[in-house]
Amino acid sequence: MGKKIESSYFTELALKYSRYNSQEIKISSLKNTNLKQIERKGKYLIWNLIGKNDYTILNHLGMTGSFNIYEKKKQLQNHLNKEKKNYVKVVLEFTDESSCVFDDMRNFGRFHLFSSYENLTNRYPAVAKIGLDGFNFSLEDFKSALELKRNKNKALGILLLDQRFVAGIGNIYKSESLWRAIISPYKIAGDLKHEEILRLSKSIQEVLNDAIIDGGSTIKNFKSNKVEGKAQEWHAVYGKEDLPCLRCNAKIKRIIQNKRSTFFCENCQSGKKSR
DNA sequence: AGGGTTCCCTGTCGGC
DNA sequence: TGCCGACAGGGAACCC
């Protein structure tokens, strides 16, 4: 933080994609601005740059995005020259010789420049509508969110992926949270009993925080389907179709909700199958 | 307005 | 063995 940008560019690879080559602000305009802060909103990162003109960047890692930070120019060169196929999209070099590289294999990530936060949210309204922060939220706020008109009639397996409800949950932790809370993914949000709301609220925050502690390496070492690292060691249901439930030994089931896989134990995660 | 569907993108894997 | 289609994921664009 506080570093001054000496040069900034999208790579040739990045410029092949419209999400990078059609931006209204040139990335080279970041030169001589200072990186003031990076703020997280759900799964988005909002960069604030201050200079002659100020800029706001909307950044999302998508599935496979990652950042590498280097202290020396040489390390940056090594990264860019890697013989192994790389997927560098953005390079930022700072005046103190350090640098930062945004890699994104599957190109689901974002790095979009704006001249103000207002312009950013005009272009991406979803950013302004982000819900509770899944890492830390109060029971009251969770309860109110469950009671919202647009939420109360939805099945939890669907609702948990809605970033306007609780932000930060992805498809893996959706299933894991429900398993820990012992609640069916079919269960309708508005039908939750007080005890269930307590358990779900707790399990969401636990799962996400556990994932950060243990899962950092999983993401970093992400290699297609072969997840390496610690987070996967405690997955109870995700990707475990037909394996025994750790709680009751029944077979884990896989269903599709909104075109997404949901894994759960039909035996112990009881609930109305109304949808 | 709000819900549902399609598309973006690439590596892996199952099936023929 | 080799090719091909299906699949996975988060979220925006698009449709009705």
Side-chain angles (χ1 to χ4, degrees), chain A residues 10-24 40-46 57-66 84-90 102-114 119-131 133-134 145 148-177 185 188-190 204 207-208 211 215 218-229 231-232 235 237-242 254-263 274-275:
Chain A
F10 289 128
T11 60
E12 269 184 52
L13 172 64
L15 292 172
K16 287 182 182 168
Y17 303 99
S18 63
R19 68 180 53 184
Y20 294 113
N21 70 29
S22 68
Q23 299 196 2
E24 41 292 303
R40 185 182 63 78
K41 267 182 171 269
K43 300 181 190 172
Y44 292 103
L45 296 172
I46 313 287
I57 294 171
L58 175 65
N59 178 210
H60 195 298
L61 300 183
M63 272 300 295
T64 52
S66 67
K84 202 179 109 196
K85 195 164 188 187
N86 67 45
Y87 297 88
V88 177
K89 299 290 166 63
V90 183
F102 179 49
D103 266 284
D104 183 18
M105 183 179 79
R106 291 195 184 173
N107 210 33
F108 271 26
R110 314 252 161 190
F111 198 93
H112 204 125
L113 284 61
F114 295 95
N119 288 349
L120 187 158
T121 52
N122 280 341
R123 176 69 181 75
Y124 289 96
V127 177
K129 294 182 185 162
I130 286 294
D133 181 17
L148 289 180
K149 202 177 282 181
R150 69 159 185 269
N151 294 337
K152 66 179 181 189
N153 294 318
K154 285 190 178 164
L156 292 171
I158 291 168
L159 182 59
L160 288 185
L161 282 184
D162 188 342
Q163 305 296 303
R164 293 175 304 173
F165 172 57
V166 175
I169 305 171
N171 207 39
I172 294 174
Y173 303 122
K174 163 192 87 179
S175 291
E176 295 298 325
S177 299
I188 301 302
I204 289 170
V207 163
L208 290 185
T218 297
I219 292 160
K220 195 177 156 202
N221 297 332
F222 180 86
K223 291 205 166 102
S224 65
N225 285 341
K226 191 131 196 181
V227 178
E228 303 168 44
Q232 151 260 12
H235 285 175
V237 285
Y238 183 80
K240 311 248 179 198
E241 188 176 12
D242 290 339
R254 170 176 180 257
I255 58 170
I256 302 292
Q257 295 180 299
N258 261 11
K259 303 257 174 196
R260 291 259 132 86
S261 292
T262 299
F263 297 87
S274 47
R275 200 167 289 191

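Each chain gets a letter, A, B and so on, in the order the sequences are listed, and its residues count up from 1.
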Starting at atom CD1 of A:I158, determine the distance to atom P of C:dG9, rounded to an integer number of angstrom.
-> 15 Å

Could you give the OH-to-P distance, from A:Y44 to C:dG10, as a whole number of Å?
-> 12 Å

What is the ring orientation for A:F10 with A:Y20, classed by angle as parallel under 30°, tilted 30 to 60°, or perpendicular over 60°?
-> tilted

A:Y17 has its side chain closest, among B:dG3, C:dG10, B:dC9, to B:dC9

A:Q163 side chain N/O closer than 4.0 Å to the phosphate oxygens (OP1, OP2) of C:dG10?
-> no

Over 12 non-hydrogen atoms of neighbours within 6.0 angstrom of CD in A:E24 = yes

Stepwise side chain to side chain contact (heavy atoms under 4.5 Å, CB included) test for A:N21 and A:K16 | CA-CA 7 Å; A:N21 70 29; A:K16 287 182 182 168; over 6 Å; no

Among C:dG10, B:dG3, C:dA12, find the nucleotide with the atom closest to the side chain of A:A126.
-> C:dA12

OP1 or OP2 of C:dG9 less than 4.0 angstrom from a side-chain nitrogen or oxygen of A:T64, does that happen here?
-> no

pi-stack flag for A:Y124 and C:dA12, centroid dist under 5.5 Å, interplanar under 30° = no

Here the distance between atom C1' of B:dT10 and atom CG of A:L61, to the nearest Å, is 17 Å

5′-ward residue of the pair A:R260/A:K149 relative to DNA chain B | A:K149

Within less than 4.0 Å of OP1 or OP2 of C:dG10, is there a side-chain N or O belonging to A:H60?
-> no

Atom-pair distance (CD1 on A:I172; C1' on C:dA8), nearest Å | 10 Å

Counting side-chain heavy atoms from C-beta on, which of B:dG3, C:dC7, B:dC9 comes nearest to A:R254?
-> C:dC7

Determine the contact category for A:G62: base if any of its heavy atoms lies under 4.0 Å from a base atom, sugar-phosphate if only primed atoms, P, OP1 or OP2 are that close, otherwise nothing.
-> nothing

Only counting residues at least two apart or in another chain, list the ones meeting side-chain hydrogen bond (donor to acceptor under 3.5 Å, both in side chains) with A:H60.
-> none

Confirm from the modelled atom types if A:R106 and C:dG10 form a donor-acceptor pair under 3.5 Å, side chain to base only.
-> no

Spacing of A:D104 atom CG relative to C:dG10 atom C1', expressed in whole Å | 11 Å

Specify the residue among A:Y87 and A:N151 whose closest nucleotide of DNA chain B lies further upstream toward the 5′ end.
-> A:N151

DNA chain B in dot-bracket, Watson-Crick or G-U pairs under 3.5 Å, [ ] crossing, | other strand?
-> .|||||||||||||||

Calculate the interatomic distance between A:D103 atom CG and B:dG11 atom P; express it in whole Å.
-> 13 Å

What distance do A:L113 atom CG and A:L58 atom CG have between them, rounded to the nearest 0.5 Å?
-> 10.0 Å

How close or far is atom P of B:dG11 from atom CG of A:N107, stated in whole angstroms?
-> 11 Å

Using the ring of each side chain (for Trp, its six-membered ring), is A:H235 parallel, tilted or perpendicular to A:Y238, with breaks at 30° and 60°?
-> perpendicular

Does A:K259 have a side-chain nitrogen or oxygen under 4.0 Å from the phosphate oxygens OP1 or OP2 of B:dT5?
-> no

Can you check whether A:F111's main-chain N or O pairs, donor with acceptor, with A:Q23's side chain at less than 3.5 Å?
-> yes

Spacing of A:Y20 atom OH relative to B:dC8 atom P, expressed in whole Å = 16 Å

Out of A:V88, A:L61, A:T11, which one pairs with A:F102 under the side chain to side chain contact (heavy atoms under 4.5 Å, CB included) rule?
-> A:L61

